[in-house]
> 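Sharing a structure here in C-alpha cells format.
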Amino acid sequence: MPQPQKSLTFFRRVVVIIKKIPRGQVATYGQIAALAGNPRAARQVAWVLHSAADKENLPWQRVINSQGSISLPRYGGYELQRALLVKEGVKFDSAERIDLVRFQWRPKIIKKKKENKPGARL
DNA sequence: CATATGACGATAT
DNA sequence: AATATCGCCATAT
C-alpha cells in the first residue's frame, strides 16, 4: 500500500508556499527553502521558479535574495520584477534594496501543537 | 550511478 | 562595498 499522503516533493512544497506570499510582501529563497523543509536548499527554490513560475502561475516577483535585492540580471528580468513589486507597494531604497524588516513575509508558524506554556514569561 | 544546473547564502579577501 | 569562492542539494539527463 502506498502511503496515504506521501510527502510532496520539495518542488511541490515550494510551489504551494510561494503561492501564499501575500501581495506587497516578499520572501527570500532561503526562507522558502526553510519553510519547505530544507533551509539549505535555497538554490533549488530558484530552480523551481525557473522551471515553473509561469506554468504554476506563481507570484515569482515576490521572491528575492537574502540581501533584500533582486537576483535577476539587469535587462534580464530585473526591471520587470522591480516594476511588479513597486506596483504592489514594495519600496526600494537608494541601493536598490528592499527593507526586509518592513516587507518580508512572516507566515505564522503552524507546526504541531505542544506550545503554549501557561505562565511562561518571555 | 555520474554530471550538470541553478533567480542562493555565507564567508573570505 | 564589491567580487570571488565554496558549500549546498533537488532535479534533470
Side-chain angles (χ1 to χ4, degrees):
Chain A
M1 298 262 303
Q3 301 151 316
Q5 60 171 54
K6 179 174 178 185
S7 70
L8 296 168
T9 61
F10 180 83
F11 178 95
R12 276 297 158 196
R13 294 197 301 270
V14 166
V15 166
V16 169
I17 291 166
I18 292 177
K19 286 182 173 177
K20 292 180 178 172
I21 306 172
R23 194 166 191 283
Q25 291 184 46
V26 298
T28 66
Y29 300 91
Q31 174 188 4
I32 291 166
L35 290 171
N38 192 338
R40 299 196 265 186
R43 305 187 73 171
Q44 288 59 254
V45 173
W47 180 85
V48 170
L49 288 171
H50 236 286
S51 38
D54 201 49
K55 297 186 206 181
E56 303 282 351
N57 196 22
L58 301 177
W60 60 272
Q61 73 274 21
R62 299 177 192 148
V63 185
I64 62 176
N65 62 38
S66 64
Q67 319 308 307
S69 54
I70 289 173
S71 287
L72 287 170
R74 312 258 170 173
Y75 304 108
Y78 184 101
E79 291 78 6
L80 172 59
Q81 181 169 12
R82 188 183 194 289
L84 288 171
L85 288 173
V86 167
K87 194 159 55 179
E88 297 188 356
V90 174
K91 313 286 188 183
F92 286 77
D93 65 19
S94 57
E96 284 296 287
R97 283 175 319 207
I98 294 167
D99 182 354
L100 293 178
V101 174
R102 287 179 63 195
F103 299 103
Q104 183 170 28
W105 175 44
R106 290 186 183 70
K108 305 183 78 172
I109 315 274
I110 312 263
K111 290 291 185 184
K112 301 300 183 181
K113 314 288 183 178
K114 198 170 244 182
E115 68 260 2
N116 264 338
K117 305 176 176 180
R121 329 215 291 119
L122 189 136

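Convention: sequence-line order gives letters A, B, ...; per-chain numbering from 1. This structure is a prediction, so every number in the text was calculated from the model and none was measured.
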> Do A/Leu49 and A/Leu58 come close enough that some side-chain heavy atom pair is under 4.5 Å?
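In contact.
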> Would you check if there is a donor-acceptor pair between the side chains of A/Gln25 and A/Glu88 at a distance under 3.5 Å?
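Absent: no donor and acceptor within the cut-off.
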> Which whole-number value in Å describes the distance from A/Lys55 NZ to C/dT11 C1'?
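The distance from NZ of A/Lys55 to C1' of C/dT11 comes to 12 Å, rounded to the nearest Å.
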> Please list, pair by pair, any protein nitrogen or oxygen found under 3.5 Å from a nitrogen or oxygen in nucleotides 4-8 of chain C.
from, atom 1, to, atom 2, distance (Å)
C/dG7, O6, A/Arg43, NH1, 2.9
C/dC8, N3, A/Arg43, NH1, 3.3
C/dC8, N4, A/Arg43, NH1, 3.3

> Under 6.0 Å from the NZ atom of A/Lys19, do we count more than 12 heavy atoms belonging to anything else shown?
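Counting neighbours around NZ of A/Lys19, more than 12 heavy atoms of other residues, nucleotides or ligands fall under 6.0 Å, so yes.
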> Just call it for A/Phe11: base, sugar-phosphate, or nothing, with non-hydrogen atoms closer than 4.0 Å on any strand.
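It contacts sugar-phosphate atoms only.
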> Would A/Arg13 count as a cation-pi partner of A/Phe10, with NZ or CZ less than 6.0 Å from the six-membered ring centre and within 45° of the ring normal?
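No, a cation-pi geometry is absent between A/Arg13 and A/Phe10.
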> Between the side chain of A/Gln61 and the main-chain N/O of A/Leu80, is any donor-acceptor distance below 3.5 Å?
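No, A/Gln61 side chain to A/Leu80 backbone: no donor-acceptor pair under 3.5 Å.
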> Would you tabulate the pairs of protein nitrogen or oxygen atoms and nucleotide nitrogen or oxygen atoms of nucleotides 9-13 of chain B closer than 3.5 angstrom?
from, atom 1, to, atom 2, distance (Å)
B/dG9, OP1, A/Gly30, N, 3.0
B/dG9, OP2, A/Ser66, N, 2.7
B/dG9, OP2, A/Ser66, OG, 3.4

> To the nearest Å, how far apart are A/Ile70 CD1 and B/dC8 P?
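Going from CD1 in A/Ile70 over to P in B/dC8 covers 12 Å.
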> Cluster question for you: counting only ILVMFWY and a side-chain heavy-atom cut-off of under 4.5 Å, with indirect links fine, are A/Val86 and A/Val90 together?
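Yes, one cluster joins them.
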> Ignoring backbone atoms, establish whether A/Thr9 has a side-chain N or O less than 4.0 Å from OP1 or OP2 of C/dA10.
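Checking A/Thr9 against C/dA10: no side-chain N or O falls below 4.0 Å of OP1 or OP2.
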> Does A/Arg82 count as lying over the ring of A/Phe92, i.e. NZ or CZ under 6.0 Å from the six-ring centre, within 45 degrees of the axis?
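Judged by the rule, A/Arg82 and A/Phe92 form a cation-pi pair.
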> Mind calculating the distance between CG (A/Asp93) and P (C/dA1) to the nearest angstrom?
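Checked: the CG to P distance equals 10 Å.
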> Measuring from A/Ile32:CD1 to A/Ile21:CD1, what's the distance to the nearest 0.5 Å?
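A/Ile32 atom CD1 to A/Ile21 atom CD1 measures 4.0 Å (nearest 0.5 Å).
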